[in-house]
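Quick notes on the structure that follows.
Nothing here was measured: the structure is a model prediction, and the numbers come from that model.
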Amino acid sequence: MELTRHQIREIAFQTLFALNTNDQTDWKDFFQVLTSGKYGDDYPEYLHQLFSGVLEHKAEIDHTIEKYLAASWSLGRIARTDLIILEIAIYEMVYVDDMPAKVSINEAIELAKKFSDDRSRKFVNGILSHALEELVK
């Protein structure tokens with residue numbers, strides 16, 4: 001049984017959150033823990049692409065997010081969960097060619113529903129909808 005992209009996004013989110021808390025987190029070990037070793041050493045390529053891509057392009061991604069924040073807000077005020085969800089979605093929207101932007105937005109909203117709250121879901125949707133307008137031009 002293969003992991004779906006939705007499941008991979010959830011694992012990528014959890015991995016990035018763990019790395020944010022402890023930069024010594026080994027993603028392969030963490031994958032084993034999250035999947036109870038069910039997949040052995042068969043690590044999904046898309047998982048590695050997502051979390052390494054977000055880390056590699058973090059400065060550009062965060063700059064994009066900052067453009068859509070209210071004047072009184074900064075990245076530091078955003079809940080870690082919401083920021084990581086936004087980073088994954090922006091990464092997909094900008095750097096993953098075979099992923100429609102609207103799918104990335106929908107998946108981000110699903111992550112926010114699962115790992116955050118209703119206000120976060122609306123916040124994530126608002127930021128990503130504005131980013132979509134710019135990226136589609």
Side-chain angles (χ1 to χ4, degrees):
M1 183 174 125
E2 195 170 308
L3 290 167
T4 65
R5 280 201 170 183
H6 176 78
Q7 293 168 315
I8 291 170
R9 278 184 200 88
E10 285 189 5
I11 294 170
F13 166 80
Q14 292 169 307
T15 303
L16 287 164
F17 192 84
L19 282 168
N20 186 268
T21 305
N22 178 3
D23 62 2
Q24 300 301 309
T25 300
D26 180 275
W27 74 271
K28 290 181 180 180
D29 290 342
F30 201 67
F31 176 77
Q32 293 297 328
V33 170
L34 290 174
T35 62
S36 302
K38 186 175 178 179
Y39 299 95
D41 290 339
D42 189 19
Y43 307 106
E45 177 57 35
Y46 194 60
L47 172 62
H48 186 257
Q49 179 186 353
L50 273 181
F51 82 78
S52 64
V54 167
L55 294 174
E56 181 180 334
H57 299 284
K58 186 169 176 42
E60 303 97 70
I61 293 168
D62 287 351
H63 178 72
T64 299
I65 295 167
E66 283 180 314
K67 288 194 275 185
Y68 304 109
L69 295 176
S72 61
W73 278 75
S74 67
L75 287 179
R77 285 190 64 193
I78 300 174
R80 282 297 117 193
T81 53
D82 299 344
L83 181 59
I84 294 167
I85 290 167
L86 288 167
E87 289 171 340
I88 291 169
I90 296 287
Y91 172 79
E92 284 186 326
M93 292 167 72
V94 175
Y95 298 102
V96 179
D97 294 331
D98 67 339
M99 179 67 54
K102 289 186 179 187
V103 171
S104 297
I105 293 171
N106 185 56
E107 288 291 329
I109 292 168
E110 292 302 315
L111 286 173
K113 284 179 186 176
K114 183 168 184 173
F115 294 105
S116 207
D117 60 26
D118 193 49
R119 285 187 323 193
S120 292
R121 179 188 57 81
K122 292 174 184 174
F123 174 74
V124 165
N125 186 36
I127 296 288
L128 295 176
S129 295
H130 286 350
L132 176 64
E133 291 172 9
E134 177 184 313
L135 296 171
V136 170
K137 291 181 183 178

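- With a 4.5 Å cut-off on side-chain heavy atoms, Val54 and Ile90 do not count as touching.
- Residue Asp97 holds its CG atom at 10.5 Å from CE of Met99, rounded to the nearest 0.5 Å.
- Taking CG from Asp82 and CG from Leu86, the interatomic distance works out to 6.5 Å, rounded to the nearest 0.5 Å.
- Interatomic distance, Phe51 CZ to Glu87 CD, rounded to the nearest 0.5 Å: 14.0 Å.
- Here Ile127 contributes atom CD1 and Glu66 contributes atom CD; the two are 10.5 Å apart, rounded to the nearest 0.5 Å.
- Side chains of Arg121 and Val124 form no contact here, defined as non-hydrogen atoms less than 4.5 Å apart.
- Residues Met93 and Ser104 approach most closely at CG-CB, 3.8 Å, considering heavy atoms.
- Side-chain contact check for Leu47 versus Leu3: every heavy-atom pair is 4.5 Å or farther apart.
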Glu92 vs Tyr46, test: side chain to side chain contact (heavy atoms under 4.5 Å, CB included). Steps then yes/no. CA-CA 11 Å; Glu92 284 186 326; Tyr46 194 60; 2.4 Å; yes

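- Side-chain atoms of His130 and Glu134 include no donor-acceptor pair closer than 3.5 Å.
- Defined by atom type and a distance below 3.5 Å, a donor-acceptor pair is missing between the side-chain atoms of Glu133 and Tyr68.
- Formation of a donor-acceptor pair under 3.5 Å by the Arg9 side chain with backbone atoms of Leu50 is not found in this model.
- With Pro100 as reference, Val103 is the one residue of Val96, Val103, Asp98 to meet the side-chain contact (heavy atoms from CB on, under 4.5 Å) rule.
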